[in-house]
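These notes concern the structure reproduced below.
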Amino acid sequence: MPERKTGGLDWAEARARLERMMENAAQADTLSPQKAREVLDARAQELARPPLSERAASDLLEVARFRLGGQMYALATRFLHEVLRAPELTPLPGAPPLLRGLTLLRGEVLPVVELTPLFGRPASGLGAAVLVVGLGRAELGLCAEAVEEVTQVPRDDLLPVPTALAEVGGWVSSIHRDGTIFLEGEELLGDSRLIFDISDEGNA
């Protein structure tokens, strides 16, 4: 049953914030004085923030969070067309490790990639789902172990990209406080490493 709202108060969000505060309080009992102060500061900032329901739409970013190789990623939903569950992939001999293969989407050939090699790690080979992304049309498939949720994220929760990740590509736009890597869709789709010439069948 949906949560009931009274007088504009979002009870589900209020309960979630209260639970986070209780978790922080429990952690504070076992932390060093310095870490405890950091926890208290974070708690104060959390209390001072207006709930999502009171924030302007421009302060929020709607994203789909997905997981691959133990890492969480997020991409703005305006770049997401649909999610395919376990599509059949046709690997291409000699293709780079990040190109997992091709799939057919309503008669059109769609290259499907895994982002892990671009972060300097070997391809995991994992991915039961494929996020179909593009600008106006389906252009690329991103492998994912699971699409966790579609959610709105306050923009002030996002942190600058560390230097090591900035070198991966301009499409790594920010990092969430929980470690999720945020991707910028337009930059991602424009990365030459993710553009494949599939006009000649068998070559990428």
Side-chain angles (χ1 to χ4, degrees), residues 52 57-58 60-155 157-158 161 165-166 168-176 178-204:
L52 290 182
S58 59
L60 302 173
L61 179 63
E62 185 179 88
V63 298
R65 289 180 187 260
F66 61 99
R67 175 168 43 84
L68 181 65
Q71 174 64 52
M72 287 293 297
Y73 301 90
L75 178 70
T77 54
R78 67 190 181 95
F79 296 103
L80 178 61
H81 289 253
E82 61 185 292
V83 177
L84 307 178
R85 304 295 179 188
E88 182 177 349
L89 298 182
T90 301
L92 296 180
L98 62 87
L99 179 57
R100 292 279 293 275
L102 306 177
T103 192
L104 278 178
L105 180 66
R106 289 183 281 280
E108 298 290 333
V109 176
L110 185 74
V112 176
V113 303
E114 176 180 344
L115 296 179
T116 310
L118 295 179
F119 289 88
R121 290 177 286 164
S124 69
L126 302 172
V130 170
L131 288 81
V132 178
V133 301
L135 286 167
R137 63 180 181 83
E139 298 180 50
L140 188 69
L142 301 179
C143 281
E145 290 174 68
V147 179
E148 300 287 349
E149 62 176 349
V150 172
T151 186
Q152 290 185 317
V153 178
R155 293 182 187 274
D157 275 358
L158 303 180
V161 181
L165 282 180
V168 173
W171 42 267
V172 179
S173 63
S174 53
I175 304 292
H176 192 270
D178 65 8
T180 300
I181 296 175
F182 275 57
L183 311 178
E184 203 293 308
E186 195 163 348
E187 290 275 353
L188 180 73
L189 293 165
D191 190 313
S192 60
R193 296 168 295 179
L194 300 174
I195 298 174
F196 306 98
D197 180 6
I198 54 177
S199 58
D200 184 7
E201 188 174 356
N203 295 308

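Taking every heavy atom of both residues into account, Thr116 and Pro122 meet most closely at CG2-O, 3.5 Å. Contact between Arg193 and Val168 at its shortest, heavy atoms only, is NH2-O, 2.7 Å. Taking each heavy atom of Ala76 and Leu61 in turn, the nearest pair found is CB-CD1, 4.3 Å. When all heavy atoms of Pro87 and Ala128 are compared, the closest pair comes out as CD-O, 4.5 Å. The two residues Ala138 and Leu105 make their nearest non-hydrogen contact at CB-CD2, 3.8 Å. Taking both residues in full, the closest heavy atoms of Leu99 and Ala95 are given as CD2-CB, 3.9 Å, listed atom of the first, atom of the second, then distance.
Proximity of Leu118 to Val113: side-chain heavy atoms (C-beta onward) are nowhere separated by under 4.5 Å. Side-chain contact check for Phe66 versus Glu145: every heavy-atom pair is 4.5 Å or farther apart. The shortest distance between side-chain heavy atoms of Val63 and Leu80 does not fall below 4.5 Å. Looking at heavy atoms from C-beta onward, Leu142 lies in side-chain contact with Leu188 at the 4.5 angstrom threshold.
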Next on the checklist: Let's go through Leu84 and Val132 carefully: what are the C-alpha distance in whole Å and the side-chain angles of both, what is the deciding distance for side-chain contact (heavy atoms from CB on, under 4.5 Å) to 0.1 Å, and is it a yes or a no?
Outcome noted: CA-CA 7 Å; Leu84 307 178; Val132 178; 3.7 Å; yes

Next on the checklist: Go through it in stages, so that I can follow the logic: the residues are Leu102 and Leu89, the test is side-chain contact (heavy atoms from CB on, under 4.5 Å), and I'd like the CA-CA distance, side-chain angles, deciding distance and then a yes or no.
Outcome noted: CA-CA 5 Å; Leu102 306 177; Leu89 298 182; over 6 Å; no

Next on the checklist: As a quick check of understanding, evaluate side-chain contact (heavy atoms from CB on, under 4.5 Å) for Phe79 and Leu131, giving each step before the final call.
Outcome noted: CA-CA 10 Å; Phe79 296 103; Leu131 288 81; over 6 Å; no

Checklist entry - How far apart are the C-alpha atoms of Val109 and Leu104, what are their side-chain angles, what is the distance that settles it, and do they pass the side-chain contact (heavy atoms from CB on, under 4.5 Å) test? => result CA-CA 5 Å; Val109 176; Leu104 278 178; 3.9 Å; yes

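A donor-acceptor contact shorter than 3.5 Å links the side chain of Arg100 to the backbone of Gly125. Here the side chain of Gln71 pairs no donor or acceptor atom with the backbone of Arg67 at under 3.5 angstrom. Between the Ser124 side chain and the Gly69 main chain, no donor and acceptor come within less than 3.5 Å of each other. Between the side chain of His176 and the main chain of Asp157, no donor-acceptor pair closer than 3.5 Å is present.
With rounding to the nearest 0.5 Å, the separation of CG in Leu140 from NE2 in His81 is 10.5 Å. The line from CG of Leu189 to CD of Glu184 is 8.5 Å long, rounded to the nearest 0.5 Å. For the atom pair OG of Ser173 and CG of Leu165, the computed distance is 11.0 Å after rounding to the nearest 0.5 Å. Rounding to the nearest 0.5 Å gives a distance of 7.0 Å between SG of Cys143 and CG of Leu68. Remark: Glu114 CD to Arg121 CZ distance equals 9.0 Å, nearest 0.5 Å. Atom CD1 of Ile175 and atom CE of Met72 lie 12.5 Å apart (nearest 0.5 Å).
The neighbour count for Glu149 CD, taken as heavy atoms of other residues, nucleotides or ligands under 6.0 Å away, is above 12. The 12-atom threshold is exceeded at CD of Glu62, counting heavy atoms of other residues, nucleotides or ligands nearer than 6.0 Å.
Between Trp171 and Phe119, the ring planes lie perpendicular to each other; the angle is over 60°, past the 30° to 60° tilted range.
Between Glu82 and Arg106 a salt bridge is recorded (basic side-chain N to carboxylate O distance below 4.0 Å).
The side chain to side chain contact (heavy atoms under 4.5 Å, CB included) test with Arg65 is passed by exactly one of Val153, Val147, Leu75: Val153.
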